[in-house]
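For reference, positions follow the sequence shown, starting with 1. When reading the values below, keep in mind they use all heavy atoms of this one structure, side chains included, and skip hydrogens, waters and symmetry mates.
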Amino acid sequence: MDDSNWVDEGDELRNNPQPTPPKMPPSPIKPNAAKIRQTLAMVETAFLASAGSLIWLINYYFPVGPLLRIFFPIPIALLYLRWGNRSAWMGALVSGLLLTVLMGPTRSIVFLIPYGLMGVQLGAFWRRGVSWEFSMITGALLGTFGFFFRFWLFSILLGEDLWQYIINQMTGLAEWIFLRLGILAQPSAIFIQILAVVLVFVNSLIYLFAVHLVALLVLDKLGNRIPRPPKWVQVILDYE
């Protein structure tokens with residue numbers, strides 16, 4: 001017979017409790033990849049939208065020629081290249097809202113039309129691999145539309161016909177061209193208006209070419225390649 005008493009065993013267990021196993025730390029919750037991507041897209045959208053607005057703001061108060069104007073549509077286009085259609089439109093809208101707070105609604109509208117729309121258009125074409133020729137012509141059409149939109153808007157705000165001022169300038173240019181060509185005739189009003197539209201379109205086309213060159217040099221460094229330029233541009237720039 002065992003001399004131990006079962007009553008005493010209970011007392012011993014209470015006096016000498018068994019060691020409890022250590023608690024394991026809770027396993028860290030792995031963040032969802034989709035949430036990380038969504039957060040990153042939101043942060044980059046806010047950052048690039050602010051960058052576009054800041055470039056416009058600096059160029060307005062401290063103009064340094066055409067240097068900063070080349071970068072107006074590039075932040076929105078970069079958003080499209082990195083995150084797609086929705087982020088690009090949100091970036092353009094946020095830039096407009098920010099400029100509305102800083103400079104008023106008029107300046108924000110002038111930024112959105114055409115540069116905000118141009119940024120979305122360029123980003124969409126570059127992401128789909130559209131050729132430079134087509135994206136430049138389409139962007140030049142947007143730039144021409146934005147030019148006449150600004151004249152229409154400022155004519156309403158100022159109560160003056162600014163287009164008539166352009167026509168007067170174009171009349172002097174047309175008369176000079178006729179004189180150089182030896183044409184002894186007075187240029188018609190239709191010819192002068194067509195000349196004005198053509199000059200605005202050519203100016204927008206040159207601007208879009210400069211934007212493509214800057215985007216080629218800058219965005220390639222950032223890892224967001226755009227379509228390769230035509231062969232003659234590659235030969236001039238010695239760029240592969």
>> I'd like to know whether Val218 forms a side-chain contact (heavy atoms from CB on, under 4.5 Å) with Ile74, so could you lay out the CA-CA distance, the side-chain angles of the two residues, the decisive distance to 0.1 Å, and finally the verdict.
In response: CA-CA 10 Å; Val218 173; Ile74 289 181; 5.6 Å; no
>> Test side-chain contact (heavy atoms from CB on, under 4.5 Å) on Asn59 and Phe71; report intermediate values, then the result.
In response: CA-CA 10 Å; Asn59 184 78; Phe71 291 91; over 6 Å; no
>> According to ring-ring contact (aromatic ring centres under 6.0 Å, His included), who are the partners of Tyr80, at least two apart in sequence or on a separate chain?
In response: none
> Any donor-acceptor pair under 3.5 Å linking the side chain of Ser108 with the backbone of Leu97?
Replying inline: no
> Do Leu99 and Arg107 have side-chain heavy atoms sitting under 4.5 Å apart?
Replying inline: no
> For the hydrophobic clusters of this structure (ILVMFWY residues joined by side-chain heavy atoms under 4.5 Å, transitively), does one cluster hold both Ile177 and Ile194?
Replying inline: no
> For the side chain of Ser95 and the backbone of Ala49, is there at least one donor-acceptor N/O pair under 3.5 Å apart?
Replying inline: yes
>> Using 30° and 60° as the class boundaries, would you call the ring planes of Trp56 and Tyr115 parallel, tilted or perpendicular?
In response: tilted
>> Is the shortest side-chain heavy-atom distance between Leu81 and Ile226 below 4.5 Å?
In response: yes
>> Using 0.5 Å steps for rounding, measure from the CG atom of Leu102 to the OH atom of Tyr60.
In response: 12.5 Å
> When rounded to the nearest 0.5 angstrom, what is the spacing between CD in Glu160 and OH in Tyr165?
Replying inline: 11.5 Å
> Hey, any chance Leu79 and Met42 share a hydrophobic cluster, counting ILVMFWY side chains that come within less than 4.5 Å of each other, even indirectly?
Replying inline: no
> How close do Pro75 and Leu48 get, heavy atom to heavy atom, and via which atoms?
Replying inline: CB-O, 3.5 Å
>> Restricting to salt bridge (charged side-chain N to carboxylate O under 4.0 Å, His left out), what partner residues turn up for Arg82, sequence neighbours left out?
In response: Glu44
> What's the spacing between Leu219 CG and Trp126 CH2 if we round to 0.5 Å?
Replying inline: 6.0 Å
> Looking only at heavy atoms, which two atoms of Ala174 and Leu195 are closest? And how far apart?
Replying inline: CB-CD2, 4.1 Å
>> Restricting to non-hydrogen atoms, name the atom on Trp132 and the atom on Pro227 that form the minimum distance, rounded to 0.1 Å.
In response: NE1-O, 2.9 Å
> Roughly how far, to the nearest 0.5 Å, is OG of Ser53 from CZ of Phe72?
Replying inline: 11.0 Å
> Is there a side-chain contact between Glu175 and Thr171 (heavy atoms, below 4.5 Å)?
Replying inline: yes
> Is Phe47 atom CZ crowded by more than 12 heavy atoms from other residues, nucleotides or ligands, each under 6.0 Å away?
Replying inline: no
>> Would Leu216 and Arg228 count as a side-chain contact (heavy atoms from CB on, under 4.5 Å) here? Give the steps.
In response: CA-CA 8 Å; Leu216 177 68; Arg228 300 299 88 187; 3.7 Å; yes
>> Within a 6.0 Å radius of atom CE on Met90, are there more than 12 heavy atoms belonging to other residues, nucleotides or ligands?
In response: no
>> Restricting to side chain to side chain contact (heavy atoms under 4.5 Å, CB included), what partner residues turn up for Thr144, sequence neighbours left out?
In response: Phe148, Val200, Phe201, Ser204
> Around Ile190, counting heavy atoms of other residues, nucleotides and ligands shown, do more than 12 lie under 6.0 Å from its CD1?
Replying inline: no
>> Tell me whether Phe154 at atom CZ has more than 12 heavy atoms from other residues, nucleotides or ligands lying less than 6.0 Å away.
In response: yes
>> Main chain of Ala196, side chain of Gln169: is a donor-acceptor contact present, judged purely on distance under 3.5 Å?
In response: no
> Which atom pair, heavy atoms only, marks the closest approach of Gln121 to Thr138?
Replying inline: NE2-CB, 3.8 Å
> Does Gln193 CD have over 12 foreign heavy atoms under 6.0 Å away?
Replying inline: yes
>> Once rounded to the nearest 0.5 Å, what's the spacing between atom CZ of Phe145 and atom CE of Met118?
In response: 11.5 Å
> When the aromatic ring centroids of Phe178 and Phe191 are compared, is their separation below 6.0 Å?
Replying inline: yes
> According to a 4.5 Å side-chain heavy-atom criterion applied to Ile, Leu, Val, Met, Phe, Trp and Tyr, with indirect links allowed, do Ile55 and Val101 form part of one hydrophobic cluster?
Replying inline: no
> For the hydrophobic clusters of this structure (ILVMFWY residues joined by side-chain heavy atoms under 4.5 Å, transitively), does one cluster hold both Leu213 and Val202?
Replying inline: no
> Do you know which two heavy atoms are closest between Pro73 and Arg69, and how far apart they sit?
Replying inline: CD-O, 4.2 Å
> Roughly how far apart are Leu205 CG and Leu141 CG, rounded to 0.5 Å?
Replying inline: 9.0 Å
> Shared ILVMFWY cluster between Phe62 and Val110, side chains joined below 4.5 angstrom?
Replying inline: yes
> Under a 4.5 Å cut-off applied to non-hydrogen side-chain atoms, are Tyr207 and Val211 in contact?
Replying inline: yes
> Which heavy-atom pair separates Leu122 from His212 by the least distance, and what is that distance?
Replying inline: CD2-CE1, 3.7 Å
